[in-house]
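Notes follow the structure.
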2 protein chains.
Amino acid sequence: MAGIRDVARLAGVSQATASRALSGKGSVSARAREAVAAAASELGFVMSYHASSLASGRSHNIGVVLPFVNRWYFATLLEGANSALMDAGYDLTLYDFQGDRYRESVLGDFLLRKRLDGVLAVSLQLNAHETEQILAAGIPVVGVGGPLPGIPTLRIDDVEVGRRATNHLISLGHSRVAHLGGEHELGRNFEISSGRRAGYEEAMAEAGLPLREAWSLISDYSANDAYKETKQLLADAEERPTAIFCASDEMAFGAILAARDLGLRIPEELSVIGVDGHEMGEILGLTTIDQFPRNQGTRAVERLLALVQDDGGAAGPADELMETRLVVRSSTSAPRIPAGHSGS
Amino acid sequence: MAGIRDVARLAGVSQATASRALSGKGSVSARAREAVAAAASELGFVMSYHASSLASGRSHNIGVVLPFVNRWYFATLLEGANSALMDAGYDLTLYDFQGDRYRESVLGDFLLRKRLDGVLAVSLQLNAHETEQILAAGIPVVGVGGPLPGIPTLRIDDVEVGRRATNHLISLGHSRVAHLGGEHELGRNFEISSGRRAGYEEAMAEAGLPLREAWSLISDYSANDAYKETKQLLADAEERPTAIFCASDEMAFGAILAARDLGLRIPEELSVIGVDGHEMGEILGLTTIDQFPRNQGTRAVERLLALVQDDGGAAGPADELMETRLVVRSSTSAPRIPAGHSGS
DNA sequence: GCCAAAAATGGAACAGCTTCCATCCAGTAT
DNA sequence: ATACTGGATGGAAGCTGTTCCATTTTTGGC
């Protein structure tokens, strides 16, 4: 295996110059640069990543920490982050908590091995100790879906999302609106679930509409669980809501399928709105609030790389709000309870 | 930052002994081991990953290469791989081709930077040059969904899967069976698509059933594309098949939704079978051939780590077949064309 | 107790690149 | 011409562990 020494020798320059020529840092004459490039390609030289990292202190490697890689939102955000990192020539080291299964080992062991230039923490709720631990490692961190105290964070306004979704339903004439939200459990993406729920409750209150205990459901964000919850919710025709706001598109899929299986027509007998912007929403006609997760991933990487490269310089806003957009499709409409059903 | 030298000094041993004590390799007395451990924890010592990798040549880092992170099969397999790697104390570096967008940079640049102990290549079709390039890098590779020439591979018997799915439909009494498969494009997971299609064709031929050009569809494996294809397929009532075998569950979802939107009842008017084992299949009642992707991920890592740790020792079978299972739900039944429709 | 074998230990040579610092040199201002 | 400036270059000291090899200490069998 050819080393940079060999390249330098073949190019007739010093090792120092060869290093500068290859990295592009420092000043090198055009002649030397070309000689080095020629020598490197002739020898098939590939720089040792480890040696380079050890000497320079930079690894060109970013860690991405997320709770699930197998949910649409996270996978799509990851894709965006991957793009941005590839384009910048960085490697992406993936840490998938898988719920909470690897939470401890990631936070306790993996992240601290000082091999990363930065960390992207997605939907991560850290306690004080964990935050301290990470910050103590001294590497830049950017969060998505926080806020994480002391860490610059990218997020959408979840309360606003909840309001907007709910208001969409209310403005169509619905008064019996249910909400299917995510888990409350702390340590998870608590803020997100509770934010959307708060927006729902605010919108209902503002419109003077009643909140019913039975219309406020909790699921694990999966379509299957949402299906079960929705089926229960809709079982009693008398107590049935005319619309349901789901905190994610995958949950909305479950809700739609549950309604169909009960023989309810959408949107005539039940309007459904989700959050995310899942592609499959197109073929289900799902009205949703698109949050452009891919975009969140690339933007988060931009922010993070700025921190990494500016070496702790100015950070931009501590809390950056990302755009969302209401996409109206055919799963929402004014309530049109068919004849034969009794209203409220 | 404390280095191993500091630890050694505090523990009153040589650097060499400290290293052995910390890594567990080589023989160290219990006394020394404890002294080193105590010193390390007192100093809050964290080993430098880069220095360690440079000196030892091992990075405890595995690269996972896949064409999409945002499709259920790949995300689930990745989750399995992640588990196995976490448990073994390895990092996972993710390379997502995103179709073919990053194919070249991954294969040409990223993989060759000799920073990985091994590579897991999922659904990767390599040409001769690429294979050579990767093998030349000298790091162990295990493939999933090959076969990749010269590389140990884990896969399911796609031809058999195609036959089994098709025979399930035939045995229910269907004779008008369509197939919705994946792309043919080379460089992609060509073998998989063509294997399942071959199985379909074989089964049809064995049963003496006709293959129709119009019943052999191609999509990009996504639900949305499958939806469109299926809608076209089913448009003409006269030429309509009574059953459709989809090469993935996500495609099957699209097919089911398309059929529903056309007012066709499932399974009475159209039976649908998929491949994968997607959880959402439960609420759609999808009959499928489960291929346990999570399990494929963990098994592939096992194989790879064996190669990595045995340092090129015995490899196990070059081509390992993974298990699949037919899961019958409510999307398939005997054809029961309702009155008013004309048969064949 | 004695000797061979095994275990434990330390010194020092790496692993392969980056970068500080001093030096050299060509171009420019005076 | 002379002094000055800044680019280009090379020498060598890191960066931080790992591991070979030789040496010393233990251990176990008789």
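Keep in mind it's a predicted model, so treat the numbers as computed, not measured. Chain letters run A, B, ... following the sequence lines, proteins first, then strands; residues in each count from 1.
- Between B:E320 and B:R155 there is no salt bridge, since none of the side-chain N atoms of the basic residue sits less than 4.0 Å from a carboxylate O of the acidic one.
- Counting to the nearest Å, the P atom of C:dT19 and the CG atom of A:L22 are 13 Å from each other.
- Checking the phosphate oxygens (OP1, OP2) of C:dT18, a side-chain nitrogen or oxygen of A:S52 falls inside 4.0 Å.
- Between B:T17 and C:dG10, a side-chain N or O to OP1/OP2 separation shorter than 4.0 Å is present.
- Nucleotide D:dG14 holds its P atom 17 Å from the CG atom of B:L54, rounded to whole Å.
- The aromatic rings of A:Y90 and A:H60 sit parallel, their planes meeting at an angle under 30°, below the 60° perpendicular limit.
- If you take CG on A:L154 and CG on A:D319, they are separated by 8.5 Å, rounding to the nearest 0.5 Å.
- B:S27 comes within contact range of at least one nucleobase, with a heavy-atom separation under 4.0 Å.
- Each of C:dG10, D:dT9, C:dT18 was ranked by its minimum atom distance to the side chain of A:V28; first place goes to D:dT9.
- Heavy atoms of B:S19 sit under 4.0 angstrom from at least one base atom.
- Using a 4.0 Å heavy-atom cutoff across all strands shown, B:Y49 reaches no nucleic acid atom at all.
- In this structure, B:A18 reaches neither bases nor backbone, as no heavy-atom distance under 4.0 Å exists between it and the strands shown.
- The list of salt bridge (charged side-chain N to carboxylate O under 4.0 Å, His left out) pairs with a residue in residues 64-84 of chain A, not counting sequence neighbours, reads A:E79-A:R294.
- The CZ-P distance, from A:R20 to D:dG7, rounds to 13 Å in whole Å.
- When atom types are taken as modelled, the side chain of A:T153 and the backbone of A:I151 share a donor-acceptor pair closer than 3.5 angstrom.
- For the pair B:K25 NZ and D:dC20 P, the computed distance is 12 Å after rounding to whole Å.
- Across D:dT9, C:dA8, D:dG17, the shortest atom-to-atom separation from the side chain of B:S29 is found for C:dA8.
- In this structure, A:Q15 places its CD atom 9 Å from C1' of C:dT18, rounding to the nearest Å.
- For B:R5 and D:dT18, the CZ to P distance is 11 Å, given to the nearest whole Å.
- When rounded to the nearest whole Å, the span between CD1 of B:I4 and C1' of D:dC15 equals 14 Å.
- Nearer to the 5' terminus of DNA chain D, by closest-nucleotide assignment, is the contact made by A:S14 (compared with the other of A:S14 and B:F45).
- The CD atom of A:E34 sits 15 Å away from the C1' atom of D:dA8 (whole-angstrom rounding).
- The B:A51 side chain lies nearest to D:dT16 when the options are D:dT19, D:dT16, C:dT9.
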